[in-house]
Student: 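Next up is a structure, given as structure tokens.
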Amino acid sequence: MSSSPPYAETESAVSRSSDRLYRCDAIVLARMDFGEADRILTLYSRQHGKLRVIAKGARRPLSRLGPHLEYFSHSRLMLARGRDLDVVTGAETVEAHLAIRDDLDAFGNASHMVEILARLTEDRQENAAVFDLLASSLHLLADGVDAFHVTRHYELALLTLLGYRPQLLHCIECRVALSQAPHPFSPAQGGFLCESCHGRAPATRLVGVDAQKYLRALDRGGLSATVRISIDSPLRDELEGIFGAYLRHIAERDLGSLRVLRELHDASSYNVR
Ligand SMILES: [Zn+2]
């Protein structure tokens, strides 16, 4: 660079601050009050995956940041790298999804969506498709699309994007094509079992033909294939139960493996010393 010393000094100051600052698109998954007026937020960002950050003064009535950091709202943030937590220095709302807060059913389903995302992902593992799925699903809820169908679509798409797509067409044990009959779903194996393999897997539940059909339609055709299907409440409960059991199994197994990893890490760092 051929600039004279004063400019060079300005340039280096600028590049130092831009190293510390970064922008991202994010949705608030969880938040907790911290100190007198701050908030600690768990975000899912398009550019950096899940992040824990602090928004200083966000609980003050006239905070510039507070209104842009509500649950479910899609915001564009400026963050500064901090020692422990990165700090929100600027925020603007892209989509507030306000209608979700006025609809109990949409609110409950949106809360479930952000909760499972927080449980199934690790910090700073970027996955833009997961962010886009959450943003579009919240958008559909805010638009008043049937929350049951939107949420089942979100669950199956999220499981698929995170590498847990269930096997819906073939027996998870012997790979034979499944017949049109009730089959047990094994959360531990992530799929259905045929008549011959039934009983080989622990803790399985028998799933009816209609629920299996719904899952296959969702898997093949997405939300547009299921959104007009009218389903009664026993079938709703059955489908919620399958997803619930499978999501719980994955979350608990992952929590277990994280604990083992941490213990191994602690043991190895202990040995080094
Ligand atoms: Zn089988």
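Order of appearance sets the numbers: ligands from 1, and atoms from 1 within every ligand.
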Student: Check the hydrophobic clustering (I, L, V, M, F, W, Y; side-chain heavy atoms under 4.5 Å; chains of links allowed) and say if Phe72 and Met113 are grouped together.
Tutor: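 Yes, Phe72 and Met113 fall within the same hydrophobic cluster.
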Student: With 2.8 Å as the limit, jot down which protein N, O or S atoms are around the Zn ion (ligand 1).
Tutor: Cys171 SG, Cys174 SG, Cys194 SG, Cys197 SG
Student: Would you list the atom pairs, donor with acceptor, under 3.5 Å between side chains in residues 210-217 and any protein atom, with sequence neighbours excluded?
Tutor:
residue	atom	partner	partner atom	Å
Gln212	OE1	Arg216	NH2	2.9
Gln212	NE2	Ala181	O	2.9
Gln212	NE2	Val207	O	3.0
Tyr214	OH	His149	ND1	2.8
Arg216	NE	Leu168	O	2.9
Arg216	NH2	Leu168	O	3.4

Student: Share the residues that join Met32 in a hydrophobic cluster, the rule being Ile, Leu, Val, Met, Phe, Trp or Tyr side chains under 4.5 Å apart at the heavy-atom level.
Tutor: Phe34, Ile40, Ile54, Leu85, Val87
Student: One thing to verify: whether Glu36 and Arg59 come together as a salt bridge, which I'm taking to mean a side-chain N less than 4.0 angstrom from a carboxylate O.
Tutor: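 A salt bridge is absent here (no side-chain N lies under 4.0 Å from a carboxylate O).
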Student: Not counting sequence neighbours, which residues clear side-chain hydrogen bond (donor to acceptor under 3.5 Å, both in side chains) with Asn127? List them please.
Tutor: none
Student: Between Arg46 and Glu126, does any NZ, NE, NH1 or NH2 come within less than 4.0 Å of an OD or OE carboxylate oxygen?
Tutor: no
